[in-house]
Amino acid sequence: MLESSNFPDAPRVDVLMRINAIFMFLATCVCWSLPEPDERLEEVLSWLMGAQGLQDVIKEWHADCKLRKGRDMSADGKVRLQVSPGPQRIHFGFVDLADGIVSLFDLGCPHDDAYVKFLGLGRAAQAAFDALLEVAQQMSQNAIVEPDVADPLRPAPGDPRKLVALFAKPRLKEADVPSDLFGPLAVKQRAPQATGALLQFSLQGCTAMLAELRAAYAEPDFHREYMKLRNSPSAHGQHVEFTLQRQAKVLEKYGFEPSLRGVIEMRAQTRACTWDAVILKLLRDIHALLEARKPLPKRMPWSFQSGWRPGVLMPGASKVQLVQSSWDTGERMTAVEAPQVEADFGFQGPVMEVDLDLPEQEILGFGAAFTEASALVFQGLAPYLQHELLDLYFGEDGIGFTLGRVHINSCDFSLGNYCFDPVEDDFDLEHFDLQVTRDGKALIPLIRDATARVDTAGGAGARELRLVASPWSPPAWMKSGKKMNGSEKPGLRAECQEVWAGYIAKWITAYRRQHVKIWAVTVQNEPEHNAPWEACCYTAQEEADFVAKHLGPTLRAMHPDVGIFVYDHNKDHIYEWARESLSHPQARPFIRGVAFHWYAGDHFEKLRKTHEEFPEAILLSTEACYERHRWRPGTQISEGDWSFGEGYAHDIMGNLNAGAVGWIDWNMLLDDTGGPNHVGNVCDAPMMASVTDQELHLHPQFFFLGHFSKYIPPGSKRLCSRVLGTPSCTSSSRGYGTCTAQDGLQGCAFRRPDGAVVLVLLNAANLFVNFQLRLRNGPDAPIRALRASIPARSVQTYLLPHSEERQKKECAERSCEGHGKEVQINLI
């Protein structure tokens, strides 16, 4: 933060000089040279390197400032600063304490104001520096000095009065803090002792060396390669070797042997000493301070500009192609240079293996929900922004959505409760609104526009928009509680089951009259949830009975092409619900599949078990989103929360690898408050818009979803794949949509109808990962491989080409009747 161009230069120099002066003074009190093990020095070193005490006060004060509480922590600081005469009772860590002082400036207000608070009004900040002064004085009084031992590396402690006088100045400059302010700098290497050739160096020597290394680290090419090696699990410490090779002269100047072997030998030789941990901590802190001084490149912000479109992967290309989205580079579905296929090779690190000749389930597609909230926000946008949304979601240049979901009657993302036959006990549905007037105002026009865009993008018959319809609640008069919000158990009156089935069928008819075709229905949205918005509870048995006796026969008679999906709730109970429904002999013939949501967490094992036991049932994810309260502090409407996109990709991969055929997001568009929602259940969405400012914002979910939907068209088949040599989190106790470094490198693979192979990789860790892609094409074909890498917090989609010879052979095989075998893909 102190390096920010927004922070005034003079205040920045002042703060840095105060911290530097403290550091230089402490270096005169503690020496990193030792003729023999000395417990007193170990105590002082532990004291210097500790990380408790006043730092906690600073963190609390800083947190309160962020919450705008304005709490004054100076009193607490003075209470906690009870330094005893001996060093064994002192628990302040200089590096942590200095970091805490710097953090005082991150107050969520302009830096000039922050500096004013620090110098004038920030008594807690002044208390922190006063505390450092007191620690320095205590160190000076208790510094270990052996007058009878001649040791040029152990000078007398510096004069604390110089430090006090220095801090009394209103503002420090670099000239006020010369390098010899507290005494001469003496750096020598001691002759080997009996315990081993220990490197002897003063803390001041380390500080000087650190300054030179910092300058060397400023070289962009060096820093980029260093971070790549350091963050790669397959590098095995190569970043240390690389660093020492490049910094040999600097290390030799200060008494280090410039080789990895030298570091290893030093660690081995100090292992027997009681203070070995102190040496190792110093080495670690040197690296930490280097990286703090020269951090990773600053994150490139990204915001949507009209006309932006995702990168294109050409199906007829002869080389591997790659698109990538990365959190800190500004890449959003950007085409980048891709590694090429080569012969198999040995590799130590994560490996994704793909069996090209083992296809699994066929992919249905990806999409989002059409809600009244989305439609009203869309209606409030200028025509050019409406065009952008339709093109980005459904157009040829967009991300290729082919699935959608729509609510039967109102849902929480409506402006209020509504149905199409509110007349009490209208069992013949004489008053049913066949014009579906409420939906015809905004919702149906949006669906028709999207359908037209899909038809245009895919060509005649090439693609279609499949709509899944779900009821949240029947009309109030059909329910046990006589209101649409909430639900009794059971929610539907027994005498209304037949009329409710007829109502759903009539609703499908009314939509078809509006030129909107329904592909499938779910029996009930979240049947286990007695929600404060529209709801209707069922047990698995009750739902299966309703399908068997009422909904199934009614739809088969009136709309035989419309499928029925059961459940439509969280994955934690999907297996039990599917088993109950699909084991029901009268209901089973009417059930096309099982729908599910993500709000109970991953539970991919439950999904896989359901797929393995009921392989003929289509498993379809029909809802996922993040509630708005999950936004992290500082999240901006223009960019959203990057971790939300990672959570989407994690869930999509886990679901598809477990047997699901598609994934439907919740609201495709919301306003800048996360609504409208008539019960305040506001959420995030892949697109959000400000109707007032006429601005459209693309959130990370859009890009992560697009890495699947744009490049994996309907009719693709999942390929068996696995990622080896990487962490994997199997916890079922994490909150929904959680994806972290614990999940390791994740991936999935697909074979498209055109024969090309698509691979999607996800890396949610703050680490650059090198990995290998290994491609198996049957037991007799040679294994092919790619040397690949993925930046930190990134998602990638690879398109591997399909050879011309293989295409001709595939066409010949498809023209044969009953060929019955899967077509193998030959990669080049």
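Below, each value reflects all heavy atoms present in this structure, side chains not excepted, and no hydrogens, waters or symmetry copies. Source: prediction; values computed, not measured.
Looking only at atom types and distance, the side chain of Trp472 has no donor-acceptor partner in the side chain of Glu526 under 3.5 Å away. Between the side chains of Tyr538 and Glu528, no donor N or O sits under 3.5 Å from an acceptor N or O. A donor atom on one side chain and an acceptor atom on the other are found under 3.5 Å apart for Asp568 and Thr622.
Note on residues 654-669: no pairs pass salt bridge (charged side-chain N to carboxylate O under 4.0 Å, His left out), not counting sequence neighbours.
The pair Asp651-Lys571 meets the salt-bridge criterion, since a charged nitrogen lies less than 4.0 angstrom from a carboxylate oxygen. Ionic pairing of Lys717 and Glu360 is not present here: no N-O contact between side-chain nitrogen and carboxylate oxygen is shorter than 4.0 angstrom. Using a cutoff of 4.0 Å between basic side-chain nitrogens and carboxylate oxygens, Asp561 and Arg512 are scored as salt-bridged. A salt bridge is defined here as a Lys NZ or Arg NE, NH1 or NH2 lying under 4.0 Å from an Asp or Glu carboxylate O, and Asp455 with Arg463 fails to meet this definition.
By the ring-ring contact (aromatic ring centres under 6.0 Å, His included) test, His529 is found to be paired with Trp533, residues two or more places apart in sequence or in another chain being considered. A search for ring-ring contact (aromatic ring centres under 6.0 Å, His included) contacts involving Phe366 returns nothing, not counting sequence neighbours. For Asp391, the salt bridge (Lys or Arg N to Asp or Glu O under 4.0 Å) test picks out Arg309, Arg453, with sequence neighbours left out. Partners of Phe378 according to the ring-ring contact (aromatic ring centres under 6.0 Å, His included) rule, which considers only residues two or more places apart in sequence or in another chain, do not exist here.
In this structure, the side chain of Trp477 engages the main chain of Val423 through a donor-acceptor pair within 3.5 Å. Side chain of Arg438 to main chain of Lys441: no donor-acceptor pair is present (N/O by atom type, distance under 3.5 Å, no hydrogens or angles).
Among the candidates Glu362, Arg752, Arg751, the single residue satisfying the side-chain contact (heavy atoms from CB on, under 4.5 Å) test with Ser716 is Arg752. Screening Trp663, Trp666, Phe704 for a ring-ring contact (aromatic ring centres under 6.0 Å, His included) involving Tyr648 leaves a single residue, Trp663.
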_Could you walk me through whether Arg493 and Asp425 satisfy the salt bridge (charged side-chain N to carboxylate O under 4.0 Å, His left out) test, starting with their C-alpha distance in whole Å, then the side-chain angles of each, then the deciding distance to 0.1 Å, before giving a yes or no?_
CA-CA 11 Å; Arg493 293 164 56 191; Asp425 293 338; 3.4 Å; yes
*asked:* One pair to check against salt bridge (charged side-chain N to carboxylate O under 4.0 Å, His left out): Asp602 and Arg734. What are the steps and the verdict?
replied: CA-CA 8 Å; Asp602 291 347; Arg734 301 191 301 178; 3.2 Å; yes
_Steps toward ring pair (Phe, Tyr, Trp, His ring centres under 6.0 Å) verdict (Phe604, His650)_ = CA-CA 11 Å; Phe604 301 133; His650 169 75; 5.4 Å; yes
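In this structure, Lys609 satisfies the cation-pi test against Tyr575, with its NZ or CZ atom closer than 6.0 Å to the six-membered ring centre and inside 45 degrees of the ring normal.
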Sequence neighbours left out, cut at 3.5 Å: what donor-acceptor pairs do the side chains of residues 497-505 make with other protein atoms?
residue: Glu498; atom: OE1; partner: His550; partner atom: ND1; Å: 2.6
residue: Tyr503; atom: OH; partner: Asn409; partner atom: OD1; Å: 2.6
residue: Tyr503; atom: OH; partner: Phe420; partner atom: N; Å: 2.8

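Asn657 and Ser721 get closest at one heavy-atom pair: OD1-OG, 4.4 Å. Contact record, Asp684 with Leu670: O-CD1, 3.9 Å, taken as the closest heavy-atom pair.
Atom CG of Asn667 and atom CZ of Arg405 lie 10.0 Å apart (nearest 0.5 Å). Note that the SG atom of Cys411 and the CE atom of Met484 stand 9.5 Å from one another [nearest 0.5 Å].
Within 6.0 Å of CD in Gln435 there are 12 or fewer heavy atoms belonging to other residues, nucleotides or ligands.
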